[in-house]
Each structure stands twice: as C-alpha cells, then as structure tokens.
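By convention in this document, chain letters (A, B, ...) are assigned in the order of the sequence lines, proteins followed by strands, and residues within each chain are numbered from 1. Note that the structure is a prediction, hence the values are computed from the model and not measured.
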Number of protein chains: 2
Amino acid sequence: MWQCQGVKSPAAPAGAVRQGSLRELNLALVLGRIAAARRPPSRAALAADTGLTRATVSAVVEDLVAGRLVTEADPTPRAGAGRPARGLMLAGDGPAGLGLEINVDYLAACVVDLAGQVRHHTVHRVDLRPVSPADALARLAELAGRARADAESQGLTLAGAAMGVPGLVDDAGQVRLAPNLGWRDVPVPQLLAEHPPLTETVDGVPPLVVDNEANLAALGELHAGAAPGTFLHISGEVGIGAGIVLNGALFRGTRGWSGEIGHIPVRPDGPPCRCGGRGCLELYAGQEAILSAAGLAGADLPADRASTRLTQLAEAEHPAVLHALAEAGTAIGVTVASVVNLLDLDTVVLGGGYAPLTGWLRPPVLAEIERRVLTAAWSPVTVRPATLGATAASVGAAGSVVRRIIARPGGWLARL
Amino acid sequence: MWQCQGVKSPAAPAGAVRQGSLRELNLALVLGRIAAARRPPSRAALAADTGLTRATVSAVVEDLVAGRLVTEADPTPRAGAGRPARGLMLAGDGPAGLGLEINVDYLAACVVDLAGQVRHHTVHRVDLRPVSPADALARLAELAGRARADAESQGLTLAGAAMGVPGLVDDAGQVRLAPNLGWRDVPVPQLLAEHPPLTETVDGVPPLVVDNEANLAALGELHAGAAPGTFLHISGEVGIGAGIVLNGALFRGTRGWSGEIGHIPVRPDGPPCRCGGRGCLELYAGQEAILSAAGLAGADLPADRASTRLTQLAEAEHPAVLHALAEAGTAIGVTVASVVNLLDLDTVVLGGGYAPLTGWLRPPVLAEIERRVLTAAWSPVTVRPATLGATAASVGAAGSVVRRIIARPGGWLARL
DNA sequence: CGCTATTTGTTCAGTGGTTGAATTAAATGA
DNA sequence: TCATTTAATTCAACCACTGAACAAATAGCG
C-alpha cells in the first residue's frame, strides 16, 4: 500500500545485470535524455548524445512510444538540408503522478503529467491542529479522489501518489513526529488504506510514498527550477526544514531524517528550544521569532498571512521588520556557512515563506558566507528564491512519482 | 599525468549502455561481491548472491582469473555433502596501488595490494614548513621510487597512485591552499612530472590523483574498518578536517572542497580565527587550542609528540588536561550535532590525533548529540575511534587506487 | 566397497538486444 | 530535375546471458 523511498543512491543498478536489464537501462537512458533536453531531440541526436547506434535508439524509442511515454512532436522543429528530424518529447497523455500535502493550515492535492505540467491543483485552507489525524487524512483522501477524477477525465493514468507531511517519517510510512501539527506516531498508510482513491495499485509502482515536506519541496525545485544538481533548499514555514540535493538525487540520510536544519545550534548557549537543545536556528529565524522580533507577536495573523504581511512591511521599510529580517538572515547565514563548509555546495535556495523575503534575507546570508566559508574566495555561493511558490511540496510530490517512471521506465512498460 | 576524481556518484553508469557494458557491469558486480565477502565465496554462492546464472558467473570469473584479479583459494573451505566448492578471493599478486602523503611533519609512501594488504610502508619524518614545495615533492618522489621498486620485487604491478595533502585541491590537481604547510597555488602535477617513478602511465588508469588528506583517510577507514557505508570521519591534526562517506562513496561537494569542518562556527561571536570567521571549531578543538587550554602551550612539543603526551597526561588524570579535553569534546559535539541534524548520520569516526583520545572525547560529544539532535531518541549515534592509525591517509590513498580497479575492472582487463 | 544423494562447475544450443552497413525516406538547393 | 544531405529503418552478424543437461567430486550409508 505504501512505500518509503530507499536511501540508496538512485542511479546505482547494484543488483544483477541480467540480459533484459540492458534494454531497461537503455530505455531509462534515452528517456532521461529526452526529459532533460531543452527542445525535442531527434533519434539521430539521441544516438549521437548517448553513444548508442541509431538502430538501437529507434528500437528503444519504438518501445517508449508504444508505452505512451513519448510522443513525436508534430511540427518540424528545425530547418536545413536533409530529411527533417522528428522531435521526441515526453507524452502529456500517459502516466501522471498524484501529489498530496498535509500541512499545519492547509491540505493540497495536485496532478503532474510526465512532461512536468501541473494538470490539476487544489488547495483547501483549514487549520488542522484541532483535527484528528484520521479526520485530516479523510479530508485529504476526498481531495485526492477529486484530483483522480479530474485526471482521468483528461485521459491521464495515475501511476502512483506521494504525500508530504511536515515531520519525521519512518521507513514504514508512519509519521513519528510532526511537532507543529501535534502528531506523534501516526500510521498514515493504515489510516489511508480505507480510502479507495489511494488504494488502487499499479504493478511495479508503489501506490503511496509518504515523505517529509521539505524533501519533496526540494525535489520540486530540482525538477521545476533551472536548479543545478546539487543544492540546499531551505523551507521556511512555521518550522525550518531543508532538503539536500546531491548530484541530482535527494540525500535522505541513514534513516531518512536528514535536513533538520531548524535545530542546528546557532548559539550553543542561547535560549532553550522545545527540542531540548539551546540556541537552535528556529529560535532566530523561525516564523514566530521573526514576527516577535518585528513587534508583531501580538497581532493574531493567520499563519499564511504572516509571510505576505512581512513582505508588505519590509517593502514599506518598516524599521523593526527590516531589523528582524536582518537578524534572521544572519542566523540563517551562520547555519548556511556551516553547511557550505561541510558540503561545499554552490547554491542555496530559499523556499516556503522565505522565498518572497529573499531580497532582505540574501545580503546578511551572503555576508556570513563570505566571512565564514574557507573557500568562499574561489567558490562563490548563489542564494536565490525558490521558483515554485507555496505549491512546491505537493508539486514536488507529484513530480517524484513521474520522475520515478522516467528513471525506471521498464516497470511501467511491463505493466500491461 | 594527474586526475582529480570526479564529483559524480561512482556507481552510476550514466553513459551509454553498449553491448560490452553488460559484461563490464557483471565483472564489476562479481568482483565487488568477492571483495565484500568475509570468506572466499564459490561460484555457486556468487550466482545465488547476485542473481546471475552459474554459467555466467563461471564465464565472468574466468575473465577475472585470466586478468590476475582473482585467484582460487587452495584449501577447501567448507565441508558437507557434494562436490567441494572452490573459494575465490582477490589476487595478492596482481595490480597494486601506490599511496603517498605529504603532511606538515612527515612524508609517507605505501603500497596496498588488491586484497587490501599493506605490502610496503615508509614514513620519513621531516618538518616540511621550511622546505620549498618543489623540494618536498622531490623527496616524496624518491620515497615513491623506493616503494615502486619494492612492489615490483614482490611481483606487483602498480596500477596508479594517489596522493594526500593537508589542503584544498582543485580540479587540476593543484594545491590551492594548505595553510599549515604554507603552500598556496602549488601545481603538484607539473612539479611531479619530472620525477620518473610517478609518470609512467597504465592505460585507462589515471597515474596520479591528488586529493585532500582527510578525504583519503575517510576512504581508508571505509575499506579497512568495519565501518558502515555512511559516516563522518573527523581527522584531528593541527587543523581539523573531515571526510564524508555517503552510501559507500566519498562525497566531495561541487568543487571537491567538502569537509572543512574545522571552520564551522561553534560560537558565531567568539574569538576571531585566521580564516576570517569567528568562533570556528578549530579554536576550541584544534591541537593548539587543546594544548593551550591544558597549560601545555609553552612546552615545545614536536607536533607528533603532542598527541601521545596528551594521552599520557589524560591517563594520569591530569586535571587541566581532562578539562581541556572535555571542552574540546563539547565543541566537537556541538558541531557533530549540527552535522547529524543535517545529514542524519549514525556513525562518527574520530581519526588522526583524536583516535587515541576517544575515551575522553566521546562522553561530551555524545552528550551534545543527545541534547541537540532532534531524532536522537530514535536514532542512536555511534562515536568510535578510527581503526587505522596515523597511516590512514596514505593507506587510504593506495586503497583508493585498487578500489577503483575493483569498481571498474573492465579498464584494467582491457590494458593488455 | 559400491551406490546414492548432493552440490559444484562446465558445456552447449537458444535467445534477446546491440551493432554496423546498406537501404529507404524526405527535404534543400543549384 | 537531380545531386546532396540528413533522418530513420531494415537486416544479417555477433556478443553475452539463459537454462538445461552433464560431468566432477565428495559425504553418507548399507
């Protein structure tokens, strides 16, 4: 019913390379190049690009077209002498992924097709803190059902679903701890098992993956943005999470709990955090901390309004807000400097609530990086806002489903 | 002449999967299993393990034996009914790797065979700070020449060399900065090009790889110790460096400069560090800091004696030393907690000068981890000393050469 | 001592998938 | 109109894996 993505690096075959694996690997290779290309490549271009023969590419493409993963581009894309090339692109009418997100103050569902287009998107604003996990998941299942119906009416086939939650998810898909949601040891797969839209299985594709929201948002950014293959994506929501993308793959750590950047100590002797530590980043750059430093703690803003309100006040050059953002940016910068010293990353993406505040956060972040990163002189670090907005996690979730098909098309093609 | 290892994950084929690749992949698969097995496995056991047919395994093994990478174990290892199995093990008389290290107060060269045995090891103690890079490398080349002669007299064939330096190495093999050695922009490959023992090329294998010493030490620990595939290896020398091993592969970052843990800020407003930052880990847990906190700053100890002297005094329960180690351990613990929050690692290896001090450093390190790591309750972190001693970097360097052959035997077999 | 059971390793015809060259297809341009 | 050029397909050859049958080597048992 569910399955948590493994920790292994994705590109490693690792197992036996049997005879049929060869075709499977080449299907993945060719499909991957088609997905990565900026314009629809011809078979000949793919052959030159991959090193395979044109004959092999033709055979492989035939399989991909028959399996509804690839279509030929109708218009002749290129001029010149010789027979015109027929461009190949990812099919928009084949498999699609269902992405779900449960967060503190909203539920979201979306459908993304193989080409990465968002074909359906619904957000349902509701404060979920007073709602039981079972009820929350029931409402999410309802959204998922509508998304599924919409997708099918567009001729799409859902190939799987992924769901993001703001907390720690274990190997069994269980939410061990979601502090801001008040969840503890919630067996999501079991609770969702009763809801039909999420239980239908397609061969070879895990029907539901439960994952941390910051991880999925980072994946969304990887595929949607023009991001390079290695970056740190920081999601500034009520809590602060991060997704670490290394060489085009999400790094999940040994238990899948990487990216807990919000509890990295900024000042080891600072004020106590409810996590048990002291001086954690969240105490300096979390949403509550920024609001409180800006003198807006009393204002009873809904969580989703806080970010836009901050942006408005910052644009109006409100002194306390500017100061609060500078302080938060410095704390983020100290933490990011640690990460860059450790991992030698060259790109940091500010996502979630931080994205619209990038203009004010970037200068202090860059200042700390330049002061504290040993290699900063040779290796400039780019700090930029996320290109996906608040939908990053659900789009990333849906994207992770179709990406898995692109990475391993053999399973999908063998389904019939 | 030189080549810096790429940043890509090693197991990814990534390129074209041509027909011959299939054999190449299976050669690597089988050889890898033979290398990883605790006792020499039979062909039948390998077939069951890998999922290949016994026929295929036999054919693959035949190639590996013909290429002097694998030998049959003479004694019948196992009893029971049926035809006795013939164990397969890595050949001890085939290719070997040359490992070199240049450090502040010594030069080292060693030869490691395919099975991981150290077949030659020389350490030449000399303070290299007053010596010019060219002279230092000339002396190292001399050591390398002797190592090569010794290896050849044992019937080994050197398949390549790797060299560790305590500093930042760029893609061109150039040492951009080695603060404790006083080097800046030293073109190692060019300077070594004049020394015959290091210039002979073997097809398909880069003759010399220059890498950071902490990275190579981590690799040495990965292959020598019973370490799992994912851990952080901290080298406590004059400076503090770290090697990050993720899923069995060293993570080098976008420019190859990962692991600069010594300049992660512990107290952002602490005393200034010569790197330009403030409150870096090195100021609290570097060798000088520990000696100074222990009241031994004036004692004019040679660098290599400092570590043993500290151990002696700690064993004698010298109060100032115990206090200094507790302080250093706390600082390391704060930093390690950040790393574990970020990467969700479950193992931390204390290497270099820290290894013999593990007994005193571990308690404060663990205490900080437990206080500050969000997932510590479910996910215990092991802190243990490195199994390799001061030779870790040079052994790791030589090991990286033979490991590359094991990971990609096709190139070696095609050399003839 | 001889027979059977059992497990290992090899042989060999068969097959799937890639290869490379030849061929066909479809356009441009003189 | 025809040579030129580039794209895509066809087809015999080949390489490496497969699966089953077979040979080898030992333990156990009567």
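In this structure, the CG atom of A:Leu52 is 16 Å from the P atom of D:dA7, given to the nearest Å. At whole-Å resolution of the value, CG in B:Leu22 and C1' in C:dT15 are 14 Å apart. Between the CD atom of A:Glu24 and the P atom of C:dT18 there is a distance of 12 Å, rounded to whole Å. We find that CG of B:Leu46 is positioned 12 Å from P of C:dT10, with the value rounded to whole Å. Atom pair B:Leu29:CG and D:dC17:P shows a separation of 11 Å (rounding to whole Å applied). Distance CD (A:Glu72) to C1' (C:dA26): 14 Å, rounded to an integer number of Å. Residue A:Asp63 contributes atom CG, which lies 12 Å from atom P of D:dT9 at whole-angstrom precision. A straight line from CD of A:Glu62 to C1' of C:dG17 spans 13 Å, rounded to a whole angstrom.
Distances shorter than 4.0 Å separate some side-chain N or O of A:Ser42 from OP1 or OP2 on D:dA8. Within the structure, every side-chain polar atom (N or O) of A:Thr53 is placed at least 4.0 Å from both OP1 and OP2 of C:dT18. When the side-chain nitrogen and oxygen atoms of B:Thr56 are compared with OP1 and OP2 of D:dA16, none of them lie within a distance under 4.0 Å. Contact check, B:Arg83 against C:dA5: no side-chain N or O comes under 4.0 Å of OP1 or OP2. At C:dG17, none of the side-chain N or O atoms of A:Asn26 fall inside 4.0 Å of OP1 or OP2 (strictly under the cut-off).
Among C:dA26, C:dT18, D:dA27, the nucleotide with an atom closest to any side-chain atom of A:Arg23 is C:dT18. In the set C:dA26, C:dT10, C:dT11, the nucleotide with an atom closest to the side chain of B:Ala55 is C:dT11. Of the listed nucleotides (C:dT18, C:dT8, C:dA26), C:dA26 has the atom at the smallest distance from the side chain of A:Pro84. When each of D:dA8, C:dG9, C:dA26 is scored by its nearest atom to the side-chain atoms of B:Ser58, the top-ranked nucleotide is C:dG9.
Other residues, nucleotides and ligands place more than 12 heavy atoms under 6.0 Å from the CZ atom of B:Arg119.
When each of A:Val60 and A:Arg54 is assigned the nucleotide of DNA chain C with its nearest heavy atom, A:Val60 is the one assigned upstream, toward the 5' end. Both A:Ala45 and B:Ala59 lie near DNA chain D, and the one whose nearest nucleotide falls closer to the 5' end is A:Ala45.
Using a cutoff of 4.0 Å between basic side-chain nitrogens and carboxylate oxygens, B:Glu72 and B:Arg43 are scored as salt-bridged. With respect to the salt-bridge test (charged N to carboxylate O, under 4.0 angstrom), the residues B:Asp63 and B:Arg23 qualify.
Contacts of B:Arg43 with the nucleic acid, taken as non-hydrogen atoms under 4.0 Å apart, involve only primed sugar atoms and P, OP1 or OP2.
With a 4.5 Å cut-off on side-chain heavy atoms, B:Leu88 and B:Val61 count as touching.
Without hydrogens or angle criteria, B:Gln117 side chain to B:Gly92 main chain gives no donor-acceptor distance under 3.5 Å.
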